[in-house]
Peer 1: 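One structure is given below, represented as structure tokens, and several questions about it will come after.
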Amino acid sequence: MGLSIRQVLKGKTPKPSLVILGAGGLGKVAEQIAKHQGKYEVVGFCDDKFEGMTVENDQLLASFEEINSILEEPSCVFVIAIGNSKIRSDIFNRVRIPEERFVNVIHPRAFIDTNVTLGTGNLLMPNIVIHSGVSISNHCIVNSASVIEHKSVISSFVSVAPNSTICGAVEIGERCFIGAGSVIIQCLSIGEDTTIGAGSLVIRDQPAHVVAYGSPSKVIKESY
Ligand SMILES: CC(C)(COP(=O)(O)OP(=O)(O)OC[C@H]1O[C@@H](n2cnc3c(N)ncnc32)[C@H](O)[C@@H]1OP(=O)(O)O)[C@@H](O)C(=O)NCCC(=O)NCCS
């Protein structure tokens with residue numbers, strides 16, 4: 001007979017129990033960030049590579065099919081740690097976890113100004129700077145050492161890869177992927193589902209559903 005989530009959580013601390021969706025490299029990074037944050041007890045991972053619900057080395061390992069039984073335990077909260085923006089969004093739609101059960105996992109060395117609007121389910125890495133008036137919606141990843149300048153708007157499921165610079169008042173559409181080390185100058189908009197290649201310099205608005213890269217960044221192909 002399979003384990004129940006109650007059995008798995010028995011004896012854990014009174015902190016909310018964080019279940020990380022995605023057990024790949026980014027999932028492991030999220031686990032470490034959550035430990036540094038200190039607000040949640042990381043109880044384990046959900047991923048397609050697991051079957052049913054098991055415990056290994058004191059960690060819950062469950063398939064996405066087990067989400068409903070995990071949700072029955074009110075102390076469980078969630079974050080999606082999958083780097084590909086589209087797959088992250090697909091997993092969100094598949095698991096049907098209510099938005100209020102997601103939490104922000106934030107490294108203590110992330111600088112987030114007091115007037116930043118932050119949704120939920122975001123994964124915010126060390127040494128990022130998010131300045132005055134920025135809005136970050138839900139399930140975004142802002143990776144290490146990236147800078148998001150004043151009043152930029154980051155829509156849901158956006159991934160900002162390490163060391164990127166998003167200047168002031170930039171608008172980035174849902175499920176965009178901004179490649180490592182990219183620079184997007186001020187007041188531009190990037191349409192939804194667009195990928196900006198690593199090391200790009202973006203100096204013009206970019207349309208939706210394309211892959212663009214280079215310096216200056218040019219549209220290379222449609223994405224999907
Ligand atoms: C833009 C990107 C998605 C394109 O991927 P792709 O479609 O598989 O492209 P390919 O690797 O087949 O390369 C096709 C051509 O584009 C060039 N190219 C690819 N990415 C480029 C980039 N970022 N800048 C400049 N040229 C690039 C390649 O050199 C190749 O040129 P060639 O045909 O003359 O040899 C990918 O290269 C990229 O930059 N991804 C972001 C990676 C990243 O930031 N990861 C962070 C993880 S935390």
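Both counts, for ligands and for their atoms, begin at 1 and track the order of listing. This is a predicted model, so every value here is computed, not measured.
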Peer 1: Taking only non-hydrogen atoms of P162, do any sit less than 4.0 angstrom from ligand 1?
Peer 2: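 True for this residue.
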Peer 1: Take atom 8 (O) of ligand 1 and look for protein heavy atoms under 4.0 Å from it; say yes if you find one, no if not.
Peer 2: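 When distances to the protein are checked, atom 8 (O) of ligand 1 has no heavy atom within 4.0 Å.
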Peer 1: Are L61 and V29 linked, directly or through other ILVMFWY residues, by side chains that come within less than 4.5 angstrom of each other?
Peer 2: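 Yes, it is one cluster - the side chains of L61 and V29 are joined through contacts under 4.5 Å.
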Peer 1: I need the atoms of ligand 1 closer than 4.0 Å to a non-hydrogen atom of G197, numbered in the order shown.
Peer 2: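 Ligand 1 atoms under the 4.0 Å threshold to G197: 1 (C), 23 (N), 39 (O).
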Peer 1: Please check if any side-chain donor atom of S182 sits under 3.5 Å from a side-chain acceptor atom of S164, or the reverse.
Peer 2: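 Result is no, nothing qualifies.
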Peer 1: Hydrophobic cluster membership, with links at side-chain heavy-atom distances under 4.5 Å among I/L/V/M/F/W/Y: are I112 and I136 in one?
Peer 2: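 Looking at the clustering, I136 is in the same group as I112.
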Peer 1: Are S137 and S156 close enough that a side-chain donor and a side-chain acceptor fall under 3.5 Å?
Peer 2: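 Yes, side-chain donor-acceptor contact under 3.5 Å.
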Peer 1: Does the protein place a non-hydrogen atom closer than 4.0 angstrom to atom 32 (P) of ligand 1?
Peer 2: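 Flag for atom 32 (P) of ligand 1 set to false, no protein heavy atom closer than 4.0 Å.
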Peer 1: Give the atom numbers and elements of ligand 1 that come within less than 4.0 Å of a heavy atom of G179.
Peer 2: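 Numbered from 1, ligand 1 contributes 44 (O).
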Peer 1: Before accepting this row, confirm whether a basic side-chain N of the pair E171/K151 lies closer than 4.0 Å to the acidic partner's carboxylate O.
Peer 2: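 Looking at K151 together with E171, the answer is no, because their closest N to O distance does not fall below 4.0 Å.
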Peer 1: Any N/O of F177 closer than 3.5 Å to an N/O of ligand 1?
Peer 2: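 In this structure, F177 places no N or O atom under 3.5 Å from an N or O of ligand 1.
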Peer 1: Protein heavy atoms: any of them under 4.0 Å from atom 37 (O) of ligand 1?
Peer 2: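 Under 4.0 Å from atom 37 (O) of ligand 1, zero protein heavy atoms found.
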Peer 1: Please report the C-alpha distance between S69 and M53 in whole Å, then the side-chain angles of each, then the deciding distance to 0.1 Å, and finally whether the side-chain contact (heavy atoms from CB on, under 4.5 Å) criterion is met.
Peer 2: CA-CA 10 Å; S69 58; M53 198 188 296; 3.5 Å; yes
Peer 1: Polar-atom distance check: K221 versus ligand 1, any N or O pair below 3.5 Å?
Peer 2: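 In this structure, K221 places an N or O atom under 3.5 Å from an N or O of ligand 1.
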Peer 1: Got the closest protein heavy atom to atom 13 (O) of ligand 1, with its distance?
Peer 2: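 So the nearest neighbour among protein heavy atoms is Y213 OH, 4.6 Å.
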Peer 1: Look at atom 41 (C) of ligand 1 and find which of A161, S164, G25, A198 reaches it with the closest heavy atom.
Peer 2: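 When every heavy atom of A161, S164, G25, A198 is considered, A198 comes closest to atom 41 (C) of ligand 1.
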Peer 1: Answer yes if a protein heavy atom lies under 4.0 Å from atom 48 (S) of ligand 1, otherwise answer no.
Peer 2: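 When distances to the protein are checked, atom 48 (S) of ligand 1 has a heavy atom within 4.0 Å.
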Peer 1: Please name all residues satisfying ring-ring contact (aromatic ring centres under 6.0 Å, His included) with F92, sequence neighbours left out, ordered by chain then number.
Peer 2: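 So F92 forms a ring-ring contact (aromatic ring centres under 6.0 Å, His included) with F102, H139, F157.
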Peer 1: Any protein heavy atom under 4.0 Å from atom 2 (C) of ligand 1?
Peer 2: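 Under the 4.0 Å cut-off, atom 2 (C) of ligand 1 has no protein heavy-atom neighbours at all.
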Peer 1: Under the 6.0 Å and 45° cation-pi test, does K28 pair with F45?
Peer 2: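 Verdict for F45: a cation-pi partner in K28.
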Peer 1: Kindly work out whether a path of hydrophobic side-chain contacts (I/L/V/M/F/W/Y, heavy atoms less than 4.5 Å apart) joins L124 to F177.
Peer 2: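 No, separate clusters.
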Peer 1: Please indicate whether any nitrogen or oxygen in S200 is less than 3.5 Å from any nitrogen or oxygen in ligand 1.
Peer 2: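 No; the residue has no nitrogen or oxygen that sits under 3.5 Å from a nitrogen or oxygen of the ligand.
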Peer 1: As a test of the contact definition, would atom 23 (N) of ligand 1 count as having a protein heavy-atom neighbour under 4.0 Å?
Peer 2: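 Answer yes: something from the protein, a heavy atom, is under 4.0 Å.
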Peer 1: Considering non-hydrogen atoms of the protein only, which is the closest contact for atom 44 (O) of ligand 1, and what is the distance?
Peer 2: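 Answer for atom 44 (O) of ligand 1: A180 N, 2.7 Å.
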Peer 1: Under 4.0 Å from atom 26 (N) of ligand 1, is there at least one protein heavy atom?
Peer 2: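 Flag for atom 26 (N) of ligand 1 set to true, protein heavy atom closer than 4.0 Å.
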Peer 1: Among residues two or more places apart or on two chains, list those pairs meeting side-chain hydrogen bond (donor to acceptor under 3.5 Å, both in side chains) that have a residue in residues 118-130.
Peer 2: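 As it turns out, the side-chain hydrogen bond (donor to acceptor under 3.5 Å, both in side chains) pairs with a partner in residues 118-130, which skip direct neighbours, are N104-N122, R109-N127.
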